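Bear in mind the structure is a predicted one, so any value in this text is a computation, not a measurement. In the text below, chain A, chain B and the rest are named by the order of the sequence lines, each starting its count at 1.
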Amino acid sequence: MFHLLEKRVQRAFHHHIQARYGIDLAIAIEQPKQAEFGELAIPVAFQLAKQRKQAPKKIAAELVADIGAIEGISALEIAGNGYINVRFDRAQYGAALLEAVEEVPTATAEKIIVEHTNINPNKAAHIGHLRNAALGDTFVRMLRARGKRVEVQNYIDNTGVQVADVVVGFHYLEHKSPDDVKRLIADPAVRFDYYCWDLYARTSAHYKEQPDSIEWRSQTLHAIEAGSGEQAEIGAIVADAIVGAHLKTMLRLGVEYDVLPRESEILHLKFWSAAFELLKERKAIYLETEGKNKGCWVMPAAAFSEDSEDSKVIVRSNGTVTYVGKDIAYQLWKFGLLGKDFYYRPLHVYADGRVLWVTTDQPPTSESRIPAFGRASRVYNVIDARQSYLQDVVVAGLRALGFDDQAGQSIHFSYEMVALSPRCCAELDIPLSEEDRRRPYVEVSGRKGLGVKADDLMDKLIEKALEEVASRHPEASAEEQRAVASQIAIGALRYFLLKFTRTSVIAFDFQEALSFEGETGPYVQYAVVRARSILRKLEEKGERVPDFRAELSSGALGRQLHSEDFWQVLLAASKADAALERAVTAGEPAHVAKYAFQIAQEFNNFYHLYPIIHEQDREKKVFLLWMTDFFRAQLERTLGVLGIEAPPYM
RNA sequence: GCGCCCGUAGCUCAGUUGGAUAGAGCGUCUGGCUACGAACCAGAAGGUCGGGUGUUCGAGUCACCCCGGGCGCACCA
């Protein structure tokens with residue numbers, strides 16, 4: 001509702017200024033510094049002052065005098081040197097909230113693709129991957145909440161170096177056959193993704209000790225790319241098993257996908273050759289004939305960087321294509337520009353009925369209905385900031401091909417890494433060099449097996465939450481306690497990963513991540529639980545939740561909202577749409593997290609200040625109950641966007 | 001060397017795209033459970049927004065120059 005009025009005021013001023021001065025001005029809307037100043041502040045007079053060569057105060061006065069009435073607005077006031085402060089008609093505002101008058105986001109036909117998670121399928125997921133998935137998944141929920149059509153992709157690099165390294169471990173170090181590996185996967189006593197975590201680190205260490213053994217990697221890589229032989233078989237077995245493990249891990253966080261495009265299909269369905277032809281035909285790349293890149297197909301530096309002099313190799317002198325090359329092909333496919341498509345088969349059906357598809361190189365045998373994937377009008381790639389250089393090259397590739405629009409709609413949704421705090425390393429018994437000890441944080445390294453595994457962290461969180469739940473609700477069944485503890489743990493984890501803005505490096509620390517107090521997910525969940533509990537208690541007392549629309553007249557709302565306290569609290573709770581819109585525009589899930597915390601805080605305060613069930617005055621009691629219910633709905637909705645569930649009790 | 005990110009309270013971080021007197025959480029100190037469960041609430045202390053110079057009605061926010069820290073700049077992904 002707040003957002004609706006905000007936009008209405010913005011439109012009114014825009015029209016008026018255009019009519020009056022003939023200026024097409026973007027109207028900025030701000031929050032007044034002090035609540036007493038009103039609900040909105042417009043600094044437009046300052047903007048106009050320069051062009052009109054008049055005092056801001058005078059312009060503000062003219063605007064206020066002539067703009068006329070705006071629906072839902074009770075007053076426009078001039079303050080300070082020329083601010084225009086806007087006051088809402090409280091009774092009307094309350095009535096609109098009561099009637100649930102909301103702007104319905106216009107459903108668009110255009111599709112947005114969000115690609116996230118993208119974990120190499122060769123070892124267990126770690127906290128860095130969790131940040132990626134939490135950011136991506138939340139952004140998807142934000143877009144969907146604003147009415148956008150979104151397709152979620154999780155790219156699987158199942159034929160890359162990292163998978164090859166684990167295959168090297170199985171084949172050369174452990175002398176295991178494909179059947180041995182299958183038995184290992186089937187063994188309930190073994191956590192296969194954890195096993196690979198260690199094996200990957202062991203293989204990497206082996207390369208260091210015996211540099212000649214690096215030859216094993218290229219042999220294996222070739223075998224995998226050719227798709228034949230024992231190593232290729234092990235590669236496929238490992239990658240499929242690990243993808244399964246990752247999907248399970250992510251599902252614990254509530255993260256789902258629509259489709260898993262795999263690198264093996266990009267290879268086998270010759271996506272690259274189609275892209276290669278395009279790039280050559282449009283002269284986006286050329287065959288280098290001299291220097292260190294002699295014999296390679298390269299993209300000239302000028303295409304993607306203003307200062308760099310090094311061109312980027314797309315096809316190596318041995319004829320193989322680099323990762324960036326494949327990524328250009330994949331990005332072209334996302335926009336429907338490649339002239340090719342994958343085949344698909346269903347991989348999994350989620351509890352909510354959503355079907356997860358995976359790409360395949362085999363045409364479908366039956367007439368199954370396959371959704372149309374790709375062909376998006378905008379693409380967000382959730383990839384950490386360390387890869388921005390490569391993302392720039394991919395975008396430059398599209399631009400060089402003449403796809404300027406799509407290049408502009410290719411958005412690197414970048415975020416900083418998750419590192420380990422020194423204290424965290426100490427707790428994990430990770431030995432630190434003298435140099436590392438002086439650093440503010442230590443980078444996670446899969447190669448060194450250095451990091452916090454996602455499932456371990458979730459287990460730890462659940463264990464801690466379970467202690468709390470068990471002590472507070474000893475009467476509940478163990479199963480129920482565990483379910484509640486799990487919701488709290490996941491709420492804490494998702495909130496922790498989302499509360500930081502994307503540009504902030506997270507120095508992971510158990511003490512902070514395991515906290516359930518203060519600015520945390522459980523704090524917000526607790527507010528919802530309390531609101532629900534009030535409504536439940538009311539019914540337990542034999543009363544009924546009132547019919548708010550029938551009992552709360554506009555007059556009653558006006559009387560109750562005359563209280564500055566109630567008005568401010570209701571106002572805060574009604575800003576969900578505005579907060580969400582801002583967060584989507586900024587591409588910043590942290591804004592949603594912040595808003596959730598703010599209104600939870602407002603509610604907790606309200607909860608303490610006003611006895612609700614025991615209120616004697618009928619009108620006031622109904623009003624307070626309505627506020628409680630309104631808060632509950634807004635909190636639940638905002639938590640939903642964050643992918644956090646509210647437990648039945650805490 | 002070049003590029004990107006960060007520097008705000010003791011610690012961890014926000015700061016609505018340049019607006020009014022810079023805000024949270026944690027920690028510290030003080031107070032509040034026979035109200036709808038205290039995973040909560042109230043209060044206090046705590047700031048040269050890394051430094052400097054500009055831009056203008058106005059700068060934590062923009063430009064430039066420094067200082068400190070991080071990450072990139074492969075025929076790896």
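- Rounded to whole Å, the distance from CZ on A/Phe606 to C1' on B/A35 is 14 Å.
- Note on A/Asn85: a base of the nucleic acid sits closer than 4.0 angstrom, heavy atoms only.
- Cation-pi contact between A/Arg447 and A/Tyr200: absent, since separation from the ring centre below 6.0 Å together with deviation from the ring axis within 45° is not met.
- For A/Arg386, no side-chain nitrogen or oxygen approaches OP1 or OP2 of B/C4 to under 4.0 Å.
- Looking at heavy-atom distances under 4.0 Å, A/Glu30 makes contact with a base.
- For A/Thr322 and B/C75, a side-chain-to-base donor-acceptor distance below 3.5 Å is absent, hydrogens and geometry of angles not being considered.
- Looking at heavy-atom distances under 4.0 Å, A/Val469 makes contact with a base.
- Taking only distance into account, the side chain of A/His473 meets the base of B/G37 through a donor-acceptor pair shorter than 3.5 Å.
- Between the OH atom of A/Tyr526 and the C1' atom of B/C41 there is a distance of 11 Å, rounded to whole Å.
- At B/A39, one or more side-chain N or O atoms of A/Arg472 fall inside 4.0 Å of OP1 or OP2 (strictly under the cut-off).
- For B/U16, the OP1/OP2 oxygens have no side-chain nitrogen or oxygen of A/Thr585 closer than 4.0 Å.
- In terms of phosphate contacts, A/Asn605 brings a side-chain nitrogen or oxygen within less than 4.0 Å of OP1 or OP2 of B/A42.
- When the nucleotides B/C41, B/G37, B/C13 are ranked by their closest atom to the side chain of A/His608, B/C41 comes out on top.
- Atom CG of A/Leu609 and atom P of B/A42 are 9 Å apart (whole Å).
- Whole-Å rounding puts the A/Leu625 CG to B/C36 P distance at 13 Å.
- Looking at heavy-atom distances under 4.0 Å, A/Phe46 makes contact with a base.
- At least one side-chain nitrogen or oxygen of A/Lys537 sits closer than 4.0 Å to the OP1 or OP2 atom of B/G37.
- When heavy atoms are screened at a 4.0 angstrom cut-off, A/Lys541 is found touching no nucleic acid atom at all.
- Residue contacts for A/Phe516: at a heavy-atom cut-off of 4.0 Å it reaches a base atom on one of the strands shown.
- Using a 4.0 Å heavy-atom criterion, one finds that A/Gln525 contacts no nucleic acid atom at all.
- Residue contacts for A/Pro611: at a heavy-atom cut-off of 4.0 Å it reaches a base atom on one of the strands shown.
- Note on A/Asn293: a side-chain N or O is less than 4.0 Å away from OP1 or OP2 of B/C75.
- Distances shown here put every side-chain N or O of A/Arg217 at or beyond 4.0 Å from the OP1 or OP2 atom of B/A77.
- Taking both residues in full, the closest heavy atoms of A/Pro121 and A/Val163 are given as O-CG2, 3.7 Å, listed atom of the first, atom of the second, then distance.
- Here the rule is side chain to side chain donor-acceptor pair (under 3.5 Å) with A/Tyr649, and of A/Glu480, A/His473, A/Arg536, A/Arg532 only A/Glu480 fits it.
- Comparing B/G32, B/A77, B/C73 against the side chain of A/Tyr389 picks out B/C73 as the nearest.
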Assess whether ring-ring contact (aromatic ring centres under 6.0 Å, His included) is satisfied between A/Phe276 and A/Trp297, documenting all intermediate values. CA-CA 10 Å; A/Phe276 193 26; A/Trp297 286 88; 5.4 Å; yes
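- Base contact: A/Tyr607 has a heavy atom under 4.0 Å from a base atom.
- Here A/His614 reaches the OP1 or OP2 of B/C36: one of its side-chain N or O atoms lies under 4.0 Å away.
- Side-chain atoms of A/Asn604 lie closest to B/C41 of the nucleotides B/A39, B/C6, B/C41.
- Relative ring orientation between A/Tyr610 and A/Phe606 is described as tilted, the plane-to-plane angle lying within the 30° to 60° band.
- Put simply, A/Gln601 has a side-chain N or O that comes within less than 4.0 Å of OP1 or OP2 on B/G25.
- Between the C1' atom of B/C5 and the CD atom of A/Glu588 lies a distance of 13 Å, rounded to the nearest Å.
- Dashed line: the shortest gap from a side-chain N or O of A/Tyr323 to OP1 or OP2 of B/A77 is not under 4.0 Å.
- Smallest separation of non-hydrogen atoms from A/Leu639 and A/Ala646: CD1-CB, 4.4 Å.
- For the pair A/Lys575 and A/Tyr595, the cation-pi test (distance below 6.0 Å, angle within 45°) is failed.
- For A/Ser504, no side-chain nitrogen or oxygen approaches OP1 or OP2 of B/C6 to under 4.0 Å.
- In this structure, A/Gln31 reaches the bases: a heavy-atom distance under 4.0 Å links it to at least one base atom across the strands shown.
- Atom pair A/Arg530:CZ and B/C36:P shows a separation of 12 Å (rounding to whole Å applied).
- Within the nucleic acid shown, A/Ala590 has no heavy atom closer than 4.0 Å to any nucleic acid atom.
- Side-chain nitrogen and oxygen atoms of A/Lys33 include at least one within less than 4.0 Å of the OP1 or OP2 phosphate oxygen of B/A20.
- Counting non-hydrogen atoms under 4.0 angstrom, A/Leu390 reaches a base of the nucleic acid.
- Here A/Ser388 lies out of heavy-atom contact (under 4.0 Å) with every strand.
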